[in-house]
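Shown next, in structure tokens, is the structure this report addresses.
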Amino acid sequence: MTAEIGLKKRVIPVILFSDYQVVKSREFKDFRTFGSLEQTINVFNHRNVDEIIVVDIDASKKNLGINLEVLEILSRNSVMPFSYGGGIKNIEDIEKCLRLGCDKVIINSQILKNSNFIKQASATFGSQCIVASIDYNILKNNKWEIYSHAKLPTSKIEIIKYLIKLK
């Protein structure tokens, strides 16, 4: 008789924020304000979610750094582990995020500029706390191309070839 091993289902909401407001969008366009960051975190605290992901969608577009104030709000209010992304440009930014309570740091735009950044970050802090995030679009010819909502020059980069390059 064999026993089935069931994996625990985890609830990990993703919160996108812009100017300290939680927003919802379609394809990073037409943003609607959904509420405040603190209120949203409190809702998820009461719902006992397993983890929370918070992404500053304006940081790369506006060439901003990490939002230390938002990280302090997260540290102060969140009872669950949290991941943060937005404005991560170097190893020092990752260190700041981790010192302010992040369990994981999400890197997106910077890995498009420097594909070795993930390797450097993982070697410095351990791969358990570094998350690579890649935005992609499925084209009519069924190819998956990487794109950036920060409008970095990424056209014609096929996702499979890029992932192989990252390894």
Exercise. For Ile12, does its backbone N or O pair with a side-chain atom of Asp50 as donor and acceptor, under 3.5 Å?
Worked result: no

Exercise. With no hydrogens and no angle check, is any side-chain donor or acceptor of Asn77 less than 3.5 Å from a backbone partner on Glu38?
Worked result: no

For this session: Please report the shortest heavy-atom distance between Leu100 and Phe82, naming the atom on each side.
Result: O-CZ, 4.1 Å

Exercise. Is there a donor-acceptor pair closer than 3.5 Å between any side-chain N or O of Lys89 and the backbone N or O of Leu64?
Worked result: yes

Seminar exercise, completed: For Asp135 and Asn108 the tightest heavy-atom approach is OD2-ND2, 3.2 Å

Problem set entry | Polar side-chain atom of Ser115 near backbone of Ile111 as donor-acceptor pair, under 3.5 Å | no

Exercise. Does Phe34 reach the side chain of Gln21, with side-chain heavy atoms less than 4.5 Å apart?
Worked result: no

Exercise. Residues two or more places apart in sequence or in another chain: which of them pass side chain to side chain donor-acceptor pair (under 3.5 Å) with Thr40?
Worked result: none

For this session: Would you check if Ile94 and Ile107 make a side-chain contact, meaning some heavy-atom pair closer than 4.5 Å?
Result: yes

Exercise. Is any side-chain heavy atom of Cys129 closer than 4.5 Å to a side-chain heavy atom of Val105?
Worked result: no

For this session: Hey, could you give me the CE/CZ distance between Met80 and Arg47, rounded to the nearest 0.5 Å?
Result: 11.0 Å

Exercise. With a 4.5 Å heavy-atom cut-off, do Phe125 and Ile91 have their side chains touching?
Worked result: yes

Exercise. Is Ile130 close to Ile118 at the side-chain level, that is, under 4.5 Å between some pair of heavy atoms?
Worked result: yes

For this session: Considering non-hydrogen atoms only, spot the tightest contact between Gly87 and Ala59 and give its length.
Result: N-CB, 3.2 Å

Exercise. Is the backbone of Asn67 close enough, under 3.5 Å, to the side chain of Tyr84 for a donor and an acceptor to pair up by distance?
Worked result: yes

Exercise. Between Phe17 and Val54, is any pair of side-chain heavy atoms under 4.5 Å apart?
Worked result: yes

Exercise. Okay, side chain of Thr33, backbone of Gly35: is any donor-acceptor separation there less than 3.5 Å?
Worked result: no

Problem set entry | Listed partners of Asn90 passing side-chain contact (heavy atoms from CB on, under 4.5 Å), at least two apart | Glu92, Asp93

For this session: Please examine the side chains of Leu71 and Cys97, heavy atoms only from C-beta on, and report whether any two atoms are closer than 4.5 Å.
Result: yes

Exercise. Does any non-hydrogen side-chain atom of Val23 lie less than 4.5 Å from one of Arg32?
Worked result: no

